[in-house]
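Report on one structure; see the data block that follows.
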Amino acid sequence: MNAPGTPVASIDERDWTAQALGRLRQEAARSADTHLLKLEFRGFPGIDFYFKDEAAHPTGSLKHRLARSLYLYALCNGRLRDGQPVVDASSGSTAISEAWFARLLGLQFTAVMPACTAPRKIADVEALGGRCDLVPDPAQVHERAARHAAAGACHLDQFALAERATDWRGNNNIAESILGQLAGEPHPEPAWIVCGVGTGGTSATIGRYLRYRGLRTRLCAAEPDGSAFVHGWRGRDRDAVCSRPTVIEGIGRPRVEPGFLFEIVDEVIEVADAASIAAMSVLEQHLGRRYGGSSGTNLVACLLLATRMRERGERGSIVSLLCDHGERYDGTLLDPDWLRRNGLDPAPAAAALHATIASGRWHPPRGGA
Ligand SMILES: *Cc1c(COP(=O)(O)O)cnc(C)c1O
């Protein structure tokens, strides 16, 4: 222990911060960039589809980027100290990535999650040494995380900070990475980039970067039917709430989060949950592996935008994201019994998506929920 008033404690503190930053830099250096997978669909000659495979990160989702940024941000703001517990509210993917980085830095991490989170995600957090504090009502997670913070934990606070923790001007953020990978393609300046909105971090980074680079690419938010973002964006209303719940994890928030930036989103496409789930199987057929529900939501929105381009005789590229692995949904979205219990039948929507892909004309994908 250092006597009060000596500067030694703060110098030790800075040493630890520098070491922690060094570990994060080493981790970034060891990690490869994620693939940009190209897809061509029969009904859309002249329109190229690209999917950034964010499931390829060491922790299996696009939240790997966010978690790295949130730890960097907490460290550089002097909010995270040696031995301090770390907490965040997360529906799962962020928690897994944050637990992984906590282990890297030798810190104890607690995830505050809704009790209905996919069991597989809870197991993943615990396997990384994290703890899960499950709350019955998803609306309680913020309050519970704040309680941990009041007791001394560092609150990584993804929903408040995702929008600002990432360096939107470059540093190989997701937008810079995508555009670099497209440089040699037939349409290097995409007509559209499509992503969902959870924290709003990804859409904020992409939207800012497109303007910063002076590109004409438009940004489309692909969201579950009736999400808070859908209502908030249409009315520019920060008090909007969702008009129906969704089973698609990671997006479709019930409230307008602090990181939702409405001005940089050019279009919002609403996707029924059954259509998102049907699109997961379409992705599996075309890519040979399974991706999560929000990746399906993205695919449906890409197809709708492509039918509009085709109607106008436009050629070009559309880029979207594969946000996480399908294996995380073995017991939920990919389980026929679970779907039946939740009144979801993806079969009609799957038929409609296949018809759209074959014809290039929009067949509305319908289905329960
Ligand atoms: C977080 C998340 C999103 C949305 O990304 P944000 O940057 O938080 O808006 C989409 N899909 C999955 C699986 C996610 O975990």
Side-chain angles (χ1 to χ4, degrees), residues 34 51-57 59-70 88-100 111 113-114 117-118 120-121 124-125 141 156-166 168 173-175 178 193-209 219-224 227-230 232-233 246-262 264-265 268 271 273 276-277 279-280 283 290-301 320-329 332-334:
T34 57
F51 288 89
K52 181 84 167 148
D53 186 3
E54 293 292 289
H57 287 292
T59 56
S61 83
L62 81 179
K63 292 304 194 308
H64 199 79
R65 293 178 192 274
L66 175 62
R68 189 192 281 138
S69 296
L70 289 171
D88 210 352
S90 166
S91 67
S93 289
T94 305
I96 292 166
S97 301
E98 288 174 341
W100 193 86
M113 320 174 136
T117 301
R120 175 73 188 258
K121 288 187 177 179
D124 284 349
V125 170
V141 294
L156 292 174
D157 212 352
Q158 59 162 338
F159 288 106
L161 302 178
E163 160 269 304
R164 66 193 65 171
T166 297
W168 51 270
N173 69 41
I174 191 165
I178 287 169
I193 297 182
V194 176
C195 70
V197 188
T199 63
T202 304
S203 49
T205 301
I206 294 172
R208 286 168 175 158
Y209 191 77
L219 177 60
C220 172
E223 276 282 286
S227 76
F229 190 90
V230 167
W233 182 81
T246 178
V247 296
I248 306 301
E249 289 181 31
I251 57 174
R253 299 290 306 160
R255 63 170 207 185
V256 172
E257 302 296 349
F260 286 11
L261 306 186
F262 296 135
I264 52 172
V265 171
V268 173
V271 179
D273 284 1
S276 296
I277 296 163
M280 292 166 74
L283 284 172
R290 291 181 299 169
Y291 294 94
S294 66
S295 307
T297 312
N298 286 342
L299 173 63
V300 176
S320 193
L321 314 178
L322 301 164
C323 305
D324 67 352
H325 279 297
E327 290 85 77
R328 288 188 175 160
Y329 305 95
T332 56
L333 304 183
L334 295 170

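For ligands, and for the atoms within them, numbers begin at 1 and follow the listed sequence. Numbers here are sequence positions counted from 1.
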task: May I ask you to check whether Y291 and F51 place their ring centers less than 6.0 Å from one another?
output: no
Rounding to 0.5 Å, atoms OG1 (T297) and CD1 (I248) come to a distance of 5.0 Å
Numbered in order shown, the ligand 1 atoms found under 4.0 Å of a heavy atom of S93 are 15 (O)
At under 4.0 Å between heavy atoms, what of I251 touches ligand 1? The answer is side chain
For atom 5 (O) of ligand 1, the closest protein heavy atom turns out to be T202 OG1, 3.7 Å
Under 4.0 Å from one or more heavy atoms of T199, ligand 1 contributes atoms 6 (P), 7 (O), 8 (O), 9 (O)
A student checking ligand 1 against G200 at a 4.0 Å heavy-atom cut-off should list atoms 6 (P), 8 (O), 9 (O)
Ranked by distance from atom 3 (C) of ligand 1, the top protein heavy atom is G250 O, 3.4 Å
Per-atom filter on ligand 1: closer than 4.0 angstrom to a heavy atom of G201 are 7 (O), 9 (O)
For V197, the ligand 1 atoms with a heavy-atom partner under 4.0 Å come out as 9 (O)
> Would you call S203 a ligand 1 contact, heavy-atom distance under 4.0 Å?
Replying inline: no
To the nearest 0.5 Å, atom OG of S93 lies from atom NZ of K121 at 3.5 Å
of all protein heavy atoms, closest to atom 15 (O) of ligand 1 is K63 NZ, 2.7 Å
Ligand 1 to D324, heavy atom cutoff 4.0 Å, flagged ligand atoms 13 (C)
Within the 4.0 Å heavy-atom cut-off, what L321 brings close to ligand 1 is neither
